[in-house]
Protein chains: 2
Amino acid sequence: METRRDVFQAIADPTRRAIIGMIAKQTINVNSIAEQFDISRQAVSLHLKILAECDLLNIRQLGRERLCEAKLEKLNEVHEWVDQYHKLWKERLSALKSFVEQEELQPKSTKKTNKKNANNTNKSKRK
Amino acid sequence: METRRDVFQAIADPTRRAIIGMIAKQTINVNSIAEQFDISRQAVSLHLKILAECDLLNIRQLGRERLCEAKLEKLNEVHEWVDQYHKLWKERLSALKSFVEQEELQPKSTKKTNKKNANNTNKSKRK
DNA sequence: TATATATGCAAGTATTTACTTGCGCAAATT
DNA sequence: AATTTGCGCAAGTAAATACTTGCATATATA
């Protein structure tokens with residue numbers, strides 16, 4: 001029950017994303033969070049524990065309460081991962097756009113055969 | 001085995017992230033992907049199925065092969081979710097910065113008691 | 001001090017994962 | 001026509017998840 005535990009896995013659960021949304025606004029205690037959900041306090045507590053393990057939040061004791069504070073900077077890992085593809089995608093969009101525009105200018109002339117292009121099957125069975 | 005299935009869950013698995021990384025570069029067939037991993041072809045195939053269900057990739061048949069093509073735009077959902085917090089975090093960083101700077105200018109004078117600040121416990125037990 | 005409150009810990013359960021192995025089939029290759 | 005190749009389907013398994021209920025404990029509060 002403690003093998004993989006990274007930020008990606010942490011935000012995979014919708015309840016945990018909702019929790020992040022709550023504590024991102026303001027630091028609140030465990031019960032206040034639990035009240036917002038239909039699941040038991042224990043279940044929420046476990047989610048908080050997971051989030052804390054992933055360093056997505058900070059729990060500090062204040063009397064009998066435990067205040068949960070978001071550590072949004074830990075989402076950077078996800079941000080960077082997604083961003084590389086986001087950029088790649090936008091790049092391709094504009095590339096496609098200019099391709100189409102160029103195609104409109106010189107129709108049917110020097111178009112190469114890019115039909116069997118995607119076929120990069122590994123014929124070499126090296127296993 | 002088909003309850004929750006969203007993009008966040010899809011990218012939670014490191015193998016699936018690796019697969020996305022592979023097909024983002026170029027469209028390749030199932031076996032070529034499977035060869036890159038230590039797990040069985042079936043396991044990879046299942047990951048691909050999950051990714052396809054989440055619309056993160058397109059599988060099209062070409063003869064006896066199945067070409068997997070990335071649909072990076074589907075990562076937008078994740079991008080947007082993370083980005084809101086990314087922005088929020090950066091915002092707070094600069095807010096903190098200007099606070100510190102202001103603090104340095106007028107030391108100890110009008111500093112409010114922001115010690116018991118975080119304590120917004122819901123005293124009203126409405127359940 | 002007795003009681004209510006905030007919360008953790010432990011044990012137990014139903015589902016879901018992530019895999020595996022074995023089989024089958026259709027499209028290429030020989 | 002026979003064989004190889006690419007890949008899905010199905011059944012089975014081990015481990016992880018997401019929860020629950022019950023109990024314990026420390027801190028406020030009446």
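In what follows, chains are A, B, ... by sequence order, proteins preceding strands, each numbered from 1.
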Close N or O pairs between protein and nucleotides 7-10 of chain D (under 3.5 Å):
from, atom 1, to, atom 2, distance (Å)
D:dC7, OP1, B:Val30, N, 3.4
D:dC7, OP1, B:Arg66, N, 2.7
D:dC7, OP2, B:Asn31, N, 2.6
D:dC7, OP2, B:Asn31, OD1, 3.4
D:dC7, N1, B:Arg41, NH1, 3.4
D:dC7, N4, B:Arg41, NH2, 3.4
D:dG8, OP1, B:Arg66, NH1, 3.3
D:dG8, OP2, B:Ser45, OG, 2.5
D:dG8, N7, B:Arg41, NH1, 3.1
D:dG8, N7, B:Gln42, NE2, 3.2
D:dG8, O6, B:Arg41, NH2, 3.0
D:dC9, N4, B:Gln42, OE1, 2.7
D:dC9, N4, B:Gln42, NE2, 2.7

- If we only count heavy atoms from C-beta on, is the A:Asn76 to B:Trp89 side-chain gap below 4.5 Å? yes

- Step-by-step side chain to side chain contact (heavy atoms under 4.5 Å, CB included) determination, A:Phe37 to A:Met22: CA-CA 11 Å; A:Phe37 297 94; A:Met22 288 181 66; 3.9 Å; yes

- Could you tell me whether the side chain of B:Ile50 reaches within less than 4.5 Å of the side chain of B:Asp13, counting heavy atoms only? no

- Task: Establish, with yes or no, whether the OP1 or OP2 oxygen of D:dA16 is under 4.0 angstrom from a side-chain nitrogen or oxygen of A:Arg5.
- Result: no

- Item | Euclidean distance, atom CZ of residue A:Arg16 to atom C1' of D:dA16 [Å, nearest integer] | 12 Å

- Here the distance between atom P of D:dA18 and atom CZ of A:Arg17, to the nearest Å, is 11 Å

- Item | For atom CD1 of B:Ile11 and atom P of C:dT17, their distance in whole Å | 15 Å

- Item | Nearest-Å distance for atom pair CD/P, residues B:Gln9 and D:dA16 | 16 Å

- Task: Find the distance A:Ile39:CD1 to C:dA14:C1' and express it as a whole number of Å.
- Result: 16 Å

- Query: Is A:Ser40 near enough to D:dC19 that one of its side-chain N or O atoms lies under 4.0 angstrom from OP1 or OP2?
  - Reply: no

- Message: I want to check something: taking the side chain as every heavy atom from C-beta on, are A:Arg92 and A:Leu96 in contact at a cut-off of under 4.5 Å?
- Response: no

- Query: If we only count heavy atoms from C-beta on, is the A:Ile11 to A:Arg16 side-chain gap below 4.5 Å?
  - Reply: no

- Item | Distance in Å, A:Glu80 CD paired with B:His86 NE2, rounded so as to fall on 0.5 Å steps | 7.5 Å

- Message: Looking at B:His47, I'd like to know whether one of its side-chain N or O atoms comes within less than 4.0 Å of OP1 or OP2 on C:dC19.
- Response: yes

